[in-house]
Q: 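First the structure, then my questions, so here it is.
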Amino acid sequence: MIGNGGMHSALAEYPLVEDCQVCVSVRKIREDIPFEVTALNEPMAVALHAVTLMAELDLRWAMGYPTEIFDVTDQLAEHWEKFAPMISHRIPFADLQKGFDLLTTPSGAVKVSILFD
């Protein structure tokens, strides 16, 4: 689940999705796709949105990425095996500091996924 922050977002104990519309505000990803691959959804949507913005001639204001998030979701769901190699390290939550150390070390990691199991 991806959220925009705040007390009712995806990291809340009980997330709240108001006025939910499937494929507009939420999308379910198949359970067979590894969590660390689905975690690429939001950062890849940001990157896709940046590429989309580059095509705009007169940018006055831009907020969010309303269509890119599900474009990326569809690609992740269909081709998740191709995206999995982007994750260079899978670190258990108990070793969280090791993950941060990898991220702050030049050439230490490409994408670190913290696992909560």
Q: Please round to the nearest 0.5 Å and tell me the distance separating atom OG1 of T38 and atom CZ of R30.
A: 11.5 Å

Q: I need the minimum non-hydrogen distance between M86 and L40, along with the two atoms involved.
A: SD-CD1, 4.3 Å

Q: Any side-chain heavy atom of Q75 sitting closer than 4.5 Å to one from W80?
A: no

Q: Report the distance from atom CZ of F35 to atom CD1 of I87, rounding to the nearest 0.5 Å.
A: 9.5 Å

Q: If you draw a 6.0 Å radius around CD in E31, do more than 12 non-hydrogen atoms from other residues or ligands fall strictly inside?
A: no

Q: Determine yes or no for a side-chain-to-main-chain donor-acceptor pair under 3.5 angstrom, with S113 supplying the side chain and R90 the backbone.
A: no

Q: If hydrophobic clusters are built by linking Ile, Leu, Val, Met, Phe, Trp and Tyr wherever their side-chain heavy atoms come under 4.5 Å apart, do F116 and I33 end up in the same one?
A: no

Q: How many angstroms lie between CD1 in I114 and NZ in K98, if you round to the nearest 0.5 Å?
A: 10.0 Å

Q: Please tell me whether L115 and L102 are part of a single hydrophobic cluster in this structure, the criterion being side-chain heavy atoms less than 4.5 Å apart.
A: no

Q: Considering all heavy atoms of both residues, which atom of A109 and which atom of H89 are nearest to each other, and what is their separation?
A: CB-ND1, 3.6 Å

Q: Within the structure provided, determine whether L76 and V37 are in side-chain contact (heavy-atom separation under 4.5 Å).
A: yes

Q: Applying side chain to side chain contact (heavy atoms under 4.5 Å, CB included) to I91 and L96, what does each step give before you reach the verdict?
A: CA-CA 7 Å; I91 308 290; L96 183 63; over 6 Å; no

Q: Find the distance between CG (N41) and CD1 (I29) and round it off to the nearest 0.5 Å.
A: 5.0 Å

